[in-house]
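Below: the structure, in structure tokens.
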4 protein chains.
Amino acid sequence: MIVVMSEQASADDIQGVETRLAELGCSVHRSQSAGHVILGGVGPSTVDSQDLTSLGGVREVIRLSAPYKLAARAFKPEGTRFDVGDVEIGGAEVVVMAGPCTVENEEQVESVAALLARLGVKIMRGGAFKPRTSPYSFQGHGELGLKMLRTAAQRHGLLVVSEVMDAAHLDLACDYVDIVQVGARNMQNFSLLKAVAKANKPVLLKRGPAATIEETLLSAEYLLSGGNPRIVLCERGIRTFETATRNTLDLSAIPVLKALSHLPVIADPSHGTGRREAVVPMARAAIAAGADGLLLEVHPKPELALCDGAQSLLPDQLDTLLTQLRAIAPIVDRRL
Amino acid sequence: MIVVMSEQASADDIQGVETRLAELGCSVHRSQSAGHVILGGVGPSTVDSQDLTSLGGVREVIRLSAPYKLAARAFKPEGTRFDVGDVEIGGAEVVVMAGPCTVENEEQVESVAALLARLGVKIMRGGAFKPRTSPYSFQGHGELGLKMLRTAAQRHGLLVVSEVMDAAHLDLACDYVDIVQVGARNMQNFSLLKAVAKANKPVLLKRGPAATIEETLLSAEYLLSGGNPRIVLCERGIRTFETATRNTLDLSAIPVLKALSHLPVIADPSHGTGRREAVVPMARAAIAAGADGLLLEVHPKPELALCDGAQSLLPDQLDTLLTQLRAIAPIVDRRL
Amino acid sequence: MIVVMSEQASADDIQGVETRLAELGCSVHRSQSAGHVILGGVGPSTVDSQDLTSLGGVREVIRLSAPYKLAARAFKPEGTRFDVGDVEIGGAEVVVMAGPCTVENEEQVESVAALLARLGVKIMRGGAFKPRTSPYSFQGHGELGLKMLRTAAQRHGLLVVSEVMDAAHLDLACDYVDIVQVGARNMQNFSLLKAVAKANKPVLLKRGPAATIEETLLSAEYLLSGGNPRIVLCERGIRTFETATRNTLDLSAIPVLKALSHLPVIADPSHGTGRREAVVPMARAAIAAGADGLLLEVHPKPELALCDGAQSLLPDQLDTLLTQLRAIAPIVDRRL
Amino acid sequence: MIVVMSEQASADDIQGVETRLAELGCSVHRSQSAGHVILGGVGPSTVDSQDLTSLGGVREVIRLSAPYKLAARAFKPEGTRFDVGDVEIGGAEVVVMAGPCTVENEEQVESVAALLARLGVKIMRGGAFKPRTSPYSFQGHGELGLKMLRTAAQRHGLLVVSEVMDAAHLDLACDYVDIVQVGARNMQNFSLLKAVAKANKPVLLKRGPAATIEETLLSAEYLLSGGNPRIVLCERGIRTFETATRNTLDLSAIPVLKALSHLPVIADPSHGTGRREAVVPMARAAIAAGADGLLLEVHPKPELALCDGAQSLLPDQLDTLLTQLRAIAPIVDRRL
């Protein structure tokens with residue numbers, strides 16, 4: 001932490017900052033540069049710079065380390081890898097998770113599960129608890145949906161990822177899923193994060209639509225510091241002024257997250273674009289940009305989907321996409 | 001609901017949309033305009049237009065009514081007013097809620113409560129459960145904080161508003177607060193909204209940093225349809241590209257919300273700007289724009305605040321501001 | 001300028017930065033803090049920090065002064081005031097500029113001019129050269145429009161402000177207008193700024209829809225350093241994710257600009273909101289926030305306007321608004 | 001054009017809209033749906049829907065065709081291809097344009113030109129007229145810079161692309177460049193667009209940092225309707241709330257632009273990210289997403305660059321990148 005005092009800072013101001021730095025557990029060194037007193041504090045990397053900015057006479061506070069520690073690349077320079085069943089996340093293989101936005105009925109889930117198994121996809125997604133903007137929209141089948149998902153997945157040897165919206169449903173969900181998803185709108189639901197940190201399941205943490213990369217890593221830090229090291233981050237589009245796409249899929253977040261953190265990162269081009277014709281190009285782009293995997297919506301009959309049909313791939317499109325991804329992966333030292 | 005079919009729509013496509021509209025409870029009328037088949041559906045106002053957009057042959061779906069019903073101005077054209085203790089929200093009097101960002105200790109809360117009482121402010125705010133971006137930042141005193149808040153408030157005849165982050169703390173909080181606050185980051189925490197809808201307390205619902213006005217009203221609709229009619233909305237700044245201010249306080253949301261909805265609307269210029277020198281001008285501006293009240297941070301010694309000191313008003317600034325607000329209010333047919 | 005070197009910076013890296021600072025005209029002082037070498041450079045305030053950020057071993061560069069000099073508050077702490085005809089901009093009187101978006105025909109301009117004169121408005125706006133998103137939209141009457149504007153203004157004793165889109169039309173326009181407007185989309189048209197800097201006319205400089213406050217002041221610096229000190233800035237809404245309003249009028253830019261700069265600042269709630277019912281509240285709010293004036297669209301028959309009718313005030317609304325502004329102004333030590 | 005009238009629309013309102021539609025050259029058909037009168041207008045595709053929205057009694061106006069005509073995919077379904085020297089833009093070959101942000105001196109340009117020729121890049125970029133946020137930043141060498149660029153390019157058999165900021169410099173620039181660049185900040189400088197439309201040179205049109213995809217195509221329409229069919233669009237990042245990258249490179253604009261328009265589209269990951277470590281992954285991603293080419297910054301000694309050194313590739317990085325692109329191109333039916 002380096003604190004640049006203003007030119008007008010009084011001796012008391014300087015003393016005040018030194019005292020606060022000491023209270024925060026920092027050793028302090030005072031120097032002078034370009035007419036400004038400079039206070040260098042060495043201490044715990046997680047000191048909050050906001051604790052200093054409002055003190056009298058402070059002009060600028062420069063953090064010398066990221067505000068997250070366990071999520072930082074330096075904490076695990078070789079990168080995080082972990083197994084879910086027989087699938088490794090963060091390893092050499094690009095991981096595809098696919099399925100319908102919402103679990104609708106047994107026939108639908110069965111038909112998707114069969115498709116995924118046939119195409120070599122190993123993880124099935126599907127929403128049972130659905131965060132819906134309107135209270136009048138279908139809110140998901142809840143436990144019944146999880147059951148359908150699990151049954152179909154088991155029949156076809158697939159793993160399951162599904163969203164949990166509420167700590168109260170976490171135990172229930174853990175009986176059915178292999179990966180717990182924290183949705184974009186819950187990325188800063190800190191109560192939920194604290195509960196999920198205690199769950200004995202890997203977590204798929206989606207970036208919020210208005211969350212910065214740093215905030216995303218701080219939410220991961222909630223999980224890591226709470227005891228759960230098996231995290232995969234997911235870029236799913238941010239909210240911008242552009243209305244031609246549902247969100248703006250920020251693929252540059254992938255190399256930036258990879259540089260800043262050791263955590264695996266996947267992309268969700270379905271929610272990220274909201275337009276079927278953009279999903280395939282952006283899925284290819286995500287892998288070319290270095291993503292560890294993809295989260296994709298696929299629906300046997302998108303025009304009948306209860307939710308987000310316009311962004312769901314047709315079975316044939318998924319097939320073609322996977323063929324292209326198998327060709328791109330080796331160029332970035334991966335395989336599929 | 002008006003569905004404009006594409007020029008290429010087949011007879012089956014048209015039939016498909018008509019069937020879906022009928023399933024959604026709409027009576028359907030078919031006409032033709034400018035080479036396009038037009039299907040007009042009359043039915044429940046809460047039909048989700050997304051249920052139709054992905055059907056085959058659909059070019060555009062035009063909602064003829066807002067997606068919210070209970071929050072719409074038409075539902076209560078005269079506007080919502082309700083009492084909290086002896087304070088009326090949404091009435092002729094502009095309501096000021098003020099206090100520290102975070103409850104720190106008894107001395108601080110007592111000093112603020114005394115100040116508020118002296119200045120004629122009737123509602124005290126203060127955070128006990130704090131949503132913090134970093135797991136290493138102070139997370140609030142929890143129940144202890146609520147107790148301190150309540151004790152000081154009672155001593156000075158003030159009402160209390162404080163944030164609840166988790167349905168699990170709701171009952172506890174209701175023992176101490178007069179108004180339950182749902183924070184900006186929880187505006188789309190639908191589990192929390194459903195719980196708060198059942199609480200027998202008025203709700204202060206903050207707009208999310210990336211939430212549209214329509215989404216804000218749909219979150220209010222969760223509360224209204226869940227049974228809680230005592231809601232006050234709060235504009236607290238949206239996230240934009242500008243970094244000179246912490247957020248961009250969208251004051252135009254006030255007249256727009258007032259036109260679309262019957263719910264009272266207040267503004268939070270402290271979080272909305274993050275800069276003390278902007279709080280007073282923006283507080284005046286909010287009342288001039290027609291807000292029903294203000295949520296303000298005030299701290300006896302902002303430079304020692306545990307959180308958000310840079311945006312807290314000094315006691316003297318609050319005093320001056322209130323004097324100015326008393327002069328502005330009558331110009332917009334209010335009083336203070 | 002304070003340059004914090006990274007912990008890994010080599011002796012050569014440090015030497016490299018010192019050399020570059022010296023080349024930029026800075027005297028350099030080297031110190032050490034928290035394990036980092038710190039280089040303080042004292043020199044011209046307009047050194048571009050980007051000149052240093054890409055040098056080897058640099059971790060962070062902190063500017064100790066704003067990148068603009070002539071636009072900074074410190075350059076003229078008492079604030080800029082100047083006269084246009086018998087109207088003072090930046091003085092005690094709030095200045096209202098009003099008129100149609102586009103000059104359409106003599107009858108329209110005459111009718112607006114008569115209205116403005118009757119209501120005590122002293123400056124008439126109206127577009128003759130119109131920046132239109134589509135090449136097929138009406139592009140304005142050009143010189144003919146300026147003539148109509150001038151003739152009507154003169155008949156009613158009004159001053160004229162109108163936009164110039166091109167240095168090639170500047171001389172022509174200066175024959176007809178009292179204030180040259182640089183439109184939002186041209187705020188970073190640096191060729192135009194350099195030309196306008198040489199014109200012997202005051203300039204109304206609109207903030208670009210995606211321009212930060214700092215960039216706005218740097219565009220003003222182009223005008224100031226080019227020789228034109230008579231500038232009034234105009235906040236007219238920024239582009240955000242919200243679609244309920246045409247733009248998001250960033251009223252907090254007013255106190256922030258006032259703190260950072262000595263230049264007068266007005267607001268344009270017509271373009272800023274795009275909704276007639278929001279214009280009046282936001283106009284009141286702008287004055288309450290400390291604006292030096294307003295730019296307003298008014299049209300005798302908005303429903304027939306060739307451009308932006310939906311955001312134009314009706315004559316009666318303007319009348320009522322002015323009455324309210326006359327009451328608000330004294331509360332912020334102004335008059336109207 | 002379909003105009004949905006409000007339920008309260010009077011007979012006069014309906015008549016008014018019909019009259020205006022007829023004035024705009026549309027034949028009008030009146031029908032009724034869901035209690036609303038619907039007016040269908042068939043006529044020129046370039047009617048501005050804003051001409052109708054402010055008429056009395058209008059609830060919603062739905063355009064049935066894009067507001068651009070010559071830029072629309074339907075105008076040239078097979079896609080635009082054109083030759084610049086012996087390079088085809090929009091064809092099977094992915095086109096790479098590379099070079100320094102700014103032309104600095106002969107040695108630099110020569111060194112880059114030699115590198116490009118050696119690596120098989122055929123088009124050199126370099127700025128001579130530089131749009132700089134600050135008047136105190138280096139503004140480019142102007143004609144001298146263009147001369148250096150041309151001389152080095154010619155020596156190594158390269159084509160040249162460079163930005164023009166001002167119609168006044170257009171003829172001059174056309175003597176030196178093969179492709180005229182319209183920069184992001186000038187995308188809506190309509191005077192410049194009209195001048196460039198008349199130039200006998202292909203145009204590289206960059207998307208503005210706050211321009212929607214539709215606005216970008218309307219700016220292209222200025223060029224096309226003005227007589228210049230040789231246009232290549234360039235996605236270079238949009239302005240969002242994220243600060244970890246300089247801009248947010250919106251790669252989804254590539255498939256969307258390809259679907260809406262027949263014009264070739266390239267990407268600029270250097271300006272789009274502003275971080276060297278993100279340029280290579282995003283360049284790969286752009287080609288995987290279907291871009292027709294890339295605009296890249298490369299500098300022999302980035303740490304000494306006068307401008308944007310932090311985002312310039314090192315020569316070796318460009319070499320490696322080109323190898324990867326050669327492998328990706330065939331997967332999307334292209335070559336390099």
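Excluded from the calculations below are hydrogen atoms, water molecules and symmetry mates; all remaining heavy atoms, backbone and side chain alike, are included. Residue numbers begin at 1 in each chain, while the letters A, B, ... track the order of the sequences.
Ranking D/Leu260, D/Thr323, D/Ile287, D/Leu251 against chain A, the residue ahead of the rest is D/Leu251, based on heavy-atom pairs under 4.5 Å. Counting heavy-atom pairs closer than 4.5 Å to chain A, the top-ranked of the candidates D/Arg275, D/Lys258, D/Glu277 is D/Arg275. When the candidates A/Met282, A/Gln324, A/Glu242 are compared by the number of heavy-atom contacts under 4.5 Å with chain D, A/Glu242 comes out ahead. Here D/Ile238 is the residue among D/Ile238, D/Thr245, D/Val332 with the most heavy-atom pairs under 4.5 Å with chain A. Ranked by heavy-atom pairs shorter than 4.5 Å toward chain D, the options A/Ala211, A/Gly272, A/Gly290 are led by A/Ala211.
If you check the side chains of A/Arg246 and D/Ser252, you find no donor sitting under 3.5 Å from an acceptor.
Residue A/Thr212 touches chain D through both its backbone and its side chain, counting heavy-atom pairs closer than 4.5 Å. Contacts of D/Val280 with chain A are absent, with no heavy-atom separation under 4.5 Å from either backbone or side chain. For a residue to count as touching a neighbouring chain, one of its non-hydrogen atoms must lie under 4.5 Å from one of that chain's; by this rule D/Ala278 touches chain A with backbone and side chain alike. Interface residue D/Thr273: only side-chain heavy atoms are found under 4.5 Å from chain A. Heavy atoms closer than 4.5 Å to chain A are found nowhere in D/Ala286, neither backbone nor side chain.
Here the straight-line distance linking atom CG of A/Asn186 with atom CG of A/Leu193 works out to 8.0 Å at 0.5 Å rounding. We find the CD-CD distance between A/Glu93 and A/Glu88 to be 9.0 Å, quoted to the nearest 0.5 Å.
Taking the six-membered ring for Trp and thresholds of 30 and 60 degrees, D/Phe75 and D/His262 have ring planes inclined between 30 and 60 degrees apart.
Proximity of A/Leu257 to A/Leu263: side-chain heavy atoms (C-beta onward) are nowhere separated by under 4.5 Å. Counting only heavy atoms from C-beta outward, the side chains of A/Ile328 and A/Leu336 never approach each other to under 4.5 Å. No side-chain heavy atom of D/Val265 sits less than 4.5 Å from a side-chain heavy atom of D/Arg207.
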